Amino acid sequence: MASDSSFDIVSKVDRQEADNALNQAAKEIGSRYDFKGTEASIEWSGEKVLMKAVSEDRVKAVLDVFQSKLVKRGISLKSLDTGEPFPSGKEFRIEGSLKEGIDQENAKKISKTIRDEGPKGVKAQIQGDELRVSSKKRDDLQAVIALLKGKDLDVDLQFANYR
């Protein structure tokens, strides 16, 4: 009797890479000519990323620099959740956070996609903030991975513990 093969679908962000991206963005903002005199900055504020500048378009430029550094470091922009710029005293701010884990709504959507479009005999179970996909055939699991990579989902997915 063949045992089931399985893998986990997770959504994680490498914190060290995110920290490196933020530090690189801060260094670039400090040295770029177009940011001179705008008091632009980017920093961690607890678990959130706080971007500040004197005008709305400058704070959006800070966000753009940070996003480019995240992409260079291999972190998907789907993992970054930012709000709209808001005035705070004499400056504008944007607060952002890095999303980790798959919320229930997206987990159900992914599970339904696997059931409807995936190979027969593949089971998907929601386990907290990740999904476990199992099947008797490893080829079916490969097909599920290919299917999910082709979909445009709201979360950044990684496939782990393939066995």
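Bear in mind that the values here come from a model prediction, so they are computed numbers and not experimental data.
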Asks: Is there a side-chain contact between D8 and L131, using heavy atoms and a 4.5 Å cut-off?
Replies: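 Of all side-chain heavy-atom pairs linking L131 with D8, none is under 4.5 Å.
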Asks: Shortest non-hydrogen contact from K60 to P85?
Replies: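 Answer, listing the atom of K60 first, then P85: CE-CG, 3.7 Å.
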Asks: Apply side chain to side chain contact (heavy atoms under 4.5 Å, CB included) to the pair K120 and D140, showing each step before the final yes or no.
Replies: CA-CA 8 Å; K120 299 290 177 233; D140 288 350; over 6 Å; no
Asks: Could you grab the distance from atom CG of D14 to atom OG of S79, nearest 0.5 Å is fine?
Replies: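 The OG atom of S79 is 11.0 Å from CG of D14, to the nearest 0.5 Å.
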Asks: Going from CD on E91 to OG1 on T38, what distance comes out if it is rounded to the nearest 0.5 angstrom?
Replies: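 Output value for this atom pair is 11.0 Å.
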Asks: Is the closest side-chain donor-acceptor distance between S6 and D4 under 3.5 Å?
Replies: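 Their side chains do not contain a donor-acceptor pair, so the 3.5 Å distance test is not met.
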Asks: Could you walk me through whether V54 and F92 pass the side chain to side chain contact (heavy atoms under 4.5 Å, CB included) test, one step at a time?
Replies: CA-CA 6 Å; V54 294; F92 280 82; over 6 Å; no
Asks: Run the salt bridge (Lys or Arg N to Asp or Glu O under 4.0 Å) check on K137 and D139 step by step: do they pass?
Replies: CA-CA 5 Å; K137 298 182 193 163; D139 289 347; over 6 Å; no
Asks: Indicate yes or no: at least one non-hydrogen side-chain atom of F66 is less than 4.5 angstrom from one of L80.
Replies: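 Yes - at least one pair of side-chain heavy atoms lies under 4.5 Å apart.
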Asks: Which value, rounded to the nearest 0.5 Å, describes the distance between I42 atom CD1 and L22 atom CG?
Replies: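 With rounding to 0.5 Å, CD1 (I42) is 4.5 Å from CG (L22).
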Asks: Would you confirm whether S111, through its side chain, and A107, through its main-chain N or O, come within 3.5 Å as a donor-acceptor pair?
Replies: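 Pair absent, no side-chain N/O of S111 close to backbone of A107.
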Asks: Is it true that, when you exclude K149 itself, more than 12 heavy atoms of the residues, nucleotides or ligands shown sit nearer than 6.0 Å to its NZ?
Replies: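 No, because the 6.0 Å sphere around NZ of K149 holds 12 heavy atoms or fewer from other groups.
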Asks: Which atom names give the shortest non-hydrogen contact between K99 and S11, and what distance separates them?
Replies: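 Shortest heavy-atom separation between K99 and S11 comes out as O-OG, 4.5 Å.
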Asks: Are any of the side-chain heavy atoms of W44 and D19 separated by less than 4.5 Å?
Replies: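 Counting from C-beta outward, W44 and D19 do come under 4.5 Å.
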Asks: Is there a path of hydrophobic side-chain contacts, each under 4.5 Å between heavy atoms, that joins V155 and L147?
Replies: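 No, no single cluster joins them.
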Asks: Can you find a heavy atom in the side chain of D129 that is under 4.5 Å from one in the side chain of D103?
Replies: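 No; the side chains remain at least 4.5 Å from each other.
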Asks: Run Q158 and K12 through side chain to side chain contact (heavy atoms under 4.5 Å, CB included) and show every step you take.
Replies: CA-CA 7 Å; Q158 292 90 33; K12 291 197 176 2; 4.1 Å; yes
Asks: Output the distance between atom NZ (K123) and atom OG (S135), rounded to the nearest 0.5 Å.
Replies: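 If I round to the nearest 0.5 Å, the distance is 7.0 Å.
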Asks: Which pair of non-hydrogen atoms, one from S41 and one from V62, has the smallest distance, and what is that distance?
Replies: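 Nearest pair, atom of S41 first, then V62: O-CG1, 4.0 Å.
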Asks: How far does CG of N23 sit from CD of E28, to the nearest 0.5 angstrom?
Replies: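 One finds 13.0 Å between CG of N23 and CD of E28.
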Asks: Please check: side-chain N/O of E43 versus main-chain N/O of M51, any donor-acceptor pairing under 3.5 Å?
Replies: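 No; zero donor-acceptor contacts below 3.5 Å.
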Asks: Counting C-beta onward and ignoring hydrogens, is there a side-chain heavy-atom pair between V122 and P119 closer than 4.5 Å?
Replies: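 They are in contact (side-chain heavy atoms under 4.5 Å apart), so the answer is yes.
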Asks: When you look at NZ of K78, are more than 12 heavy atoms from neighbouring residues, nucleotides or ligands closer to it than 6.0 Å?
Replies: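 Enclosed.
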Asks: Below 4.5 Å, heavy atoms only, C-beta onward: do K112 and K109 meet side chain to side chain?
Replies: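 No; the side chains remain at least 4.5 Å from each other.
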Asks: How close do E100 and R15 get, counting heavy atoms only, and between which atoms?
Replies: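 So the two residues come closest at OE2-NE, 4.1 Å.
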Asks: Could you pull out the closest heavy-atom pair between Q142 and Y162, with the gap in Å?
Replies: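 Here Q142 and Y162 meet closest at NE2-OH, 3.4 Å.
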Asks: Are N20 and Q16 linked by a side-chain donor-acceptor pair shorter than 3.5 Å?
Replies: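 Judged by distance alone, the side chains do pair up.
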Asks: Determine, step by step, whether L153 and N106 satisfy the side chain to side chain contact (heavy atoms under 4.5 Å, CB included) criterion, reporting the C-alpha distance in whole Å, the side-chain angles of both residues, the deciding distance to 0.1 Å, and the verdict.
Replies: CA-CA 8 Å; L153 301 166; N106 282 317; over 6 Å; no
Asks: Check for me, please, whether I114 and V10 land in the same ILVMFWY cluster - side-chain distances under 4.5 Å, paths through other members count.
Replies: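 Not linked; separate clusters.
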Asks: Please find the pair of heavy atoms, one from V13 and one from A18, that lie closest to each other, and give the distance.
Replies: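 Closest approach of V13 to A18: CG1-CB, 4.3 Å.
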Asks: Are the side chains of D81 and L98 in contact, using a 4.5 Å heavy-atom criterion?
Replies: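 Answer no - side chains too far apart.
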Asks: Considering only heavy atoms from C-beta outward, does the side chain of V49 approach that of E95 to under 4.5 Å?
Replies: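 Not touching, per the 4.5 Å side-chain cut-off.
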Asks: Does NZ or CZ of R58 lie under 6.0 Å from the centre of the six-membered ring of F35, at an angle within 45° of the ring axis?
Replies: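 Yes, R58 sits over the ring of F35.
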Asks: Is there a continuous path of hydrophobic side-chain contacts, each under 4.5 Å between heavy atoms, that joins F159 to V133?
Replies: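 Per the 4.5 Å side-chain linkage, F159 and V133 are co-clustered.
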Asks: Supply the atom-to-atom distance L148 CG to E117 CD, rounded to the nearest 0.5 angstrom.
Replies: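 Answer for the CG-CD pair, L148 versus E117, is 9.0 Å.
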